[in-house]
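Order of the sequence lines sets the chain letters (A, B, ...), proteins ahead of strands, with each chain counted from 1. Quick caveat, the model's predicted, so the values are computed rather than measured. What you see below is based on every heavy atom in this structure, not just the backbone, and it leaves out hydrogens, waters and symmetry mates.
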There are 2 protein chains.
Amino acid sequence: MPTSRSAKASRADVAQQILEQATRLFAAHGFSGVSLADIAKSVGIRKPSLLYHFQSKDTLRRSVLEEILAHWNETLPQLLMAASTGSEQFDTVLSTTVRFFADDPDRARLILRELLDRPEEMQPLIEAHVRPWVGIVADYIRRGQEAGRVRAEVDPRAYVGHMTVLVLGSMATYEAVGSLGPELEVQESSAQLLERQTAELLRIAKVSLFRPRPVADSTTHSQRNQDFGPERPESDD
Amino acid sequence: MPTSRSAKASRADVAQQILEQATRLFAAHGFSGVSLADIAKSVGIRKPSLLYHFQSKDTLRRSVLEEILAHWNETLPQLLMAASTGSEQFDTVLSTTVRFFADDPDRARLILRELLDRPEEMQPLIEAHVRPWVGIVADYIRRGQEAGRVRAEVDPRAYVGHMTVLVLGSMATYEAVGSLGPELEVQESSAQLLERQTAELLRIAKVSLFRPRPVADSTTHSQRNQDFGPERPESDD
DNA sequence: CCTACCGATCGGTAGG
DNA sequence: CCTACCGATCGGTAGG
């Protein structure tokens, strides 16, 4: 009888466990901060067994990265097809991206680390996996600028870059940075903190993109959520 | 005659060179991705000599971090004293922070890495070194909300956290992420790219904070830079 | 600031 | 998937 909880682990199961533990450990301590023995130990096998499933440490690193990007490519296009208007597409890309990394902040940590450790190697990967939706968002911004919906001052390229970094960085470090506030108030749970950060992030993303809608009362300050971008249906192209 | 270019390197000179090279290498490859021999080699000394100046690798890491934070504490309070109104103070904190990291992106990379590698250890440091100006900004936001200058929906804590992450992340990764744009256009220099990113960052920070000022013509879209926060002098408190 | 050296750990291989 | 083992490199020390 094997020592693991389930009766028997198939080849694929073990490989998947290795990927999961490697993701977790690389996200927490970085690629060079984790040894193959660390990963093997957390899976419950020996180092040479790990190297049977993944030829080298670097192969394992690339597999971890590929798994995340593959999952991303499964998620976004599917949701994007359901969105017909440009406004819906923009909203889908933004909220899907935020949710993807909020669902598992380790994804954000890992990609941020790769961006820091191997910028040259990441550039083509960004090009390949982020291009499609960058195109959608950039097109939407340009059309929105022509139609007067989007602020003329927005630099589409820089805007998308900043939002990417903001989502990655906020999700990767929300625990350390989320506790910034000047008064400590009531202790928030990690989930509450993440939710609050997410809401503010979406607000910043939208308000810095869309032109304010004309409001009747423009001198007093109401508490309404105006200025939050177009929610009305709109014709595209 | 020593082998180095200058006639003689004092103790302090060597220690400073070690700090500089360690900052550069830790920023590029992470703490565990750099060996003491790497650092010693780039300074032009041997590993045991390095350990004469810094008792251990971890001591060197803390010294690098301290040097950055000390430089930060020299920069901000000085500029802050010259700013009298709340609006000026906000502007000082924001633009000084951006410039501090734009001046040397390695600072952003190093702090971001520490945030990822040792979040528990960084929390008190954030508390100590970021608190003062977080307080100033948060107070300014709250007073601005009461006066109707600042959007009521802004979550001061989350806003400051996001802006911190945005500045750090954008400055740390501007090379890899700045090249995101859908069309490659003319090849920009690194300095041009950084400048463009900085301008858009400041725009996002301000527009997502300040309420739009009432505009006479609210249906057509002019190219003017309205909605960019208060530039008029104002009374505080 | 150096040479010489330490035990521990690294990624990876042989061979089953 | 394991035991046994490899050379290289790690952070750090002795001693000058």
Revision key, fill the gap. The side chain to side chain donor-acceptor pair (under 3.5 Å) partners of Ser190(A) (sequence neighbours excluded) come to Tyr174(A)
Review point. Excluding sequence neighbours, so at least two apart, what forms salt bridge (charged side-chain N to carboxylate O under 4.0 Å, His left out) with Arg62(A)?
Key: Asp58(A)
**Study point:** side chain to side chain donor-acceptor pair (under 3.5 Å) against Glu20(B), all qualifying residues, sequence neighbours excluded
**Key:** none
Point to revise | Boundaries of the DNA chain C segment in contact with chain B, non-hydrogen, under 4.0 Å | key: dC1(C) to dA4(C)
**Study point:** Close approaches to DNA chain D from residues 29-37 of chain B, in residue order (heavy atom, under 4.0 Å)
**Key:** Val34(B), Ser35(B), Leu36(B)
Check your understanding: Residues two or more places apart in sequence or in another chain: which of them pass ring-ring contact (aromatic ring centres under 6.0 Å, His included) with Phe26(A)?
Key -> Phe31(A)
Review point. Given pairs defined as Watson-Crick or G-U wobble with both distances under 3.5 Å, what dot-bracket annotation applies to DNA chain D, with ( ) intrastrand, [ ] crossing, | other strand and . unpaired?
Key: ||||||||||||||||
Check your understanding: Which residue pairs pass the ring pair (Phe, Tyr, Trp, His ring centres under 6.0 Å) test when at least one of the two sits in residues 96-125 of chain A, sequence neighbours left out?
Key -> His71(A)-Phe100(A), Trp72(A)-Phe100(A)
Revision key, fill the gap. Quick note, ring pair (Phe, Tyr, Trp, His ring centres under 6.0 Å) partners involving residues 39-70 of chain B, not counting sequence neighbours, are none
Check your understanding: When Phe90(A) is tested against each of Trp133(A), Tyr140(A), Tyr159(A) for ring pair (Phe, Tyr, Trp, His ring centres under 6.0 Å), which residue passes?
Key -> Tyr140(A)
Check your understanding: Counting distance only, does the side-chain N/O of His162(B) pair as donor-acceptor with the main-chain N or O of Gln197(A) below 3.5 Å?
Key -> yes
Review point. Looking at residues 45-54 of chain B, who's got a heavy atom less than 4.0 Å off DNA chain C?
Key: Ile45(B), Arg46(B), Pro48(B), Ser49(B), Tyr52(B), His53(B)
Practice item. Could you tell me which residues satisfy side chain to side chain contact (heavy atoms under 4.5 Å, CB included) with Ala70(B), sequence neighbours excluded, listed by chain and number? Key: none
**Study point:** Side-chain donor-acceptor pair present, Ser208(A), Ser208(B), cut-off under 3.5 Å
**Key:** no
Review point. So, are Asp117(B) and Arg113(A) salt-bridged, with charged N and O less than 4.0 Å apart?
Key: yes
Point to revise | Any residue meeting salt bridge (charged side-chain N to carboxylate O under 4.0 Å, His left out) with Arg118(B), in chain and number order, not counting sequence neighbours | key: Glu114(B)
